[in-house]
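For reference, the structure discussed in these notes is given below.
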Amino acid sequence: QVQLVESGGGLVQPGGSLRLSCAASGRIGSIYAVGWYRQAPGKQRELVAAITSGGTTNYADSVKGRFTISRDNAKNTVYLQMNSLKPEDTAVYYCNVGRTIGGSYWGQGTQVTVSS
């Protein structure tokens, strides 16, 4: 059974930093890419950052220069380093693993709240 577990969320002041982790277990198969998404109340879920199996990264314009996605293949874990956080970054953050053969898996999400 595939399981993705996000962690690292919490309450932080504007300008602060958090590092989110997404740990995977189970037989996922060949991975095409891993993405971090976020969803704020009343808004659609949006892609924040993604990294392919080859290491290529891309980011939403709203987080470029502030967020960094990375991975540790030995630990089956993908990270999202979030710096210079703003109140508009407040959301539930989810990781998603897309298989090369098709289909994807979602984690349960972790809450990030940026407030003074």
Side-chain angles (χ1 to χ4, degrees):
Q1 184 177 14
V2 173
Q3 185 175 11
L4 303 178
V5 179
E6 298 101 328
S7 61
L11 175 64
V12 65
Q13 293 185 347
S17 298
L18 287 172
R19 189 179 75 160
L20 306 183
S21 299
C22 177
S25 63
R27 293 187 176 184
I28 298 177
S30 181
I31 297 173
Y32 172 71
V34 179
W36 281 99
Y37 293 74
R38 67 186 181 188
Q39 187 167 26
K43 294 187 176 181
Q44 295 184 359
R45 189 171 299 185
E46 64 174 344
L47 179 65
V48 176
I51 184 168
T52 70
S53 61
T56 302
T57 60
N58 70 286
Y59 301 90
D61 288 341
S62 60
V63 307
K64 285 182 179 178
R66 300 189 298 120
F67 291 10
T68 303
I69 188 170
S70 62
R71 69 187 182 198
D72 186 335
N73 289 335
K75 297 181 179 180
N76 294 320
T77 301
V78 173
Y79 304 96
L80 184 67
Q81 179 66 46
M82 305 186 295
N83 299 325
S84 302
L85 283 162
K86 305 174 181 179
E88 51 262 45
D89 296 319
T90 296
V92 178
Y93 284 71
Y94 302 88
C95 66
N96 177 270
V97 177
R99 301 191 307 164
T100 301
I101 197 171
S104 66
Y105 301 92
W106 290 95
Q108 84 290 346
T110 185
Q111 176 71 47
V112 172
T113 302
V114 184
S115 177
S116 59

Name each donor-acceptor pair under 3.5 Å that joins a side chain in residues 21-29 to protein atoms two or more places apart or in another chain, with its distance.
none

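- Both Trp36 and Tyr105 sit in one connected hydrophobic cluster of ILVMFWY residues. Membership requires side-chain heavy atoms under 4.5 Å apart, directly or through other members.
- A donor-acceptor pair is defined here as one N or O able to donate and one able to accept, closer than 3.5 Å; such a pair exists between the side chain of Thr110 and the backbone of Gly9.
- Think of Trp106 as one node in a network of Ile, Leu, Val, Met, Phe, Trp and Tyr side chains linked at under 4.5 Å; its network also takes in Tyr37, Leu47, Val92, Tyr94.
- Put simply, Val97 and Val2 are part of the same group of oily side chains (I, L, V, M, F, W, Y) that touch within less than 4.5 Å, one to the next.
- Residue pairs meeting the side chain to side chain donor-acceptor pair (under 3.5 Å) criterion with at least one member in residues 67-82, sequence neighbours excluded: Gln81-Asn83.
- Distance check, rounded to the nearest 0.5 Å: OH of Tyr93 to OG of Ser7 gives 15.0 Å.
- Arg66 is linked by a salt bridge (Lys or Arg N to Asp or Glu O under 4.0 Å) to Asp89, counting only residues two or more places apart in sequence or in another chain.
- The backbone N or O of Ala91 sits nowhere less than 3.5 Å from a side-chain atom of Gln39 that would complete a donor-acceptor pair.
- Among residues two or more places apart in sequence or in another chain, the side-chain hydrogen bond (donor to acceptor under 3.5 Å, both in side chains) test is passed with Gln111 by Thr113.
- Taking every heavy atom of both residues into account, Ser116 and Pro14 meet most closely at N-CD, 3.7 Å.
- Here the closest heavy-atom approach between residue Ser17 and residue Ser84 is recorded as OG-N, 4.3 Å.
- Counting heavy atoms from C-beta outward, Leu20 and Glu6 have side chains that stay 4.5 Å or more apart.
- The 12-atom threshold is not exceeded at CD of Gln44, counting heavy atoms of other residues, nucleotides or ligands nearer than 6.0 Å.
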Can you give the donor-acceptor pairs under 3.5 Å from side chains of residues 56-64 to other protein atoms, not counting sequence neighbours?
| from | atom 1 | to | atom 2 | distance (Å) |
| --- | --- | --- | --- | --- |
| Tyr59 | OH | Ile69 | N | 3.0 |
| Asp61 | OD1 | Lys64 | NZ | 3.1 |
| Ser62 | OG | Arg38 | NH2 | 3.4 |

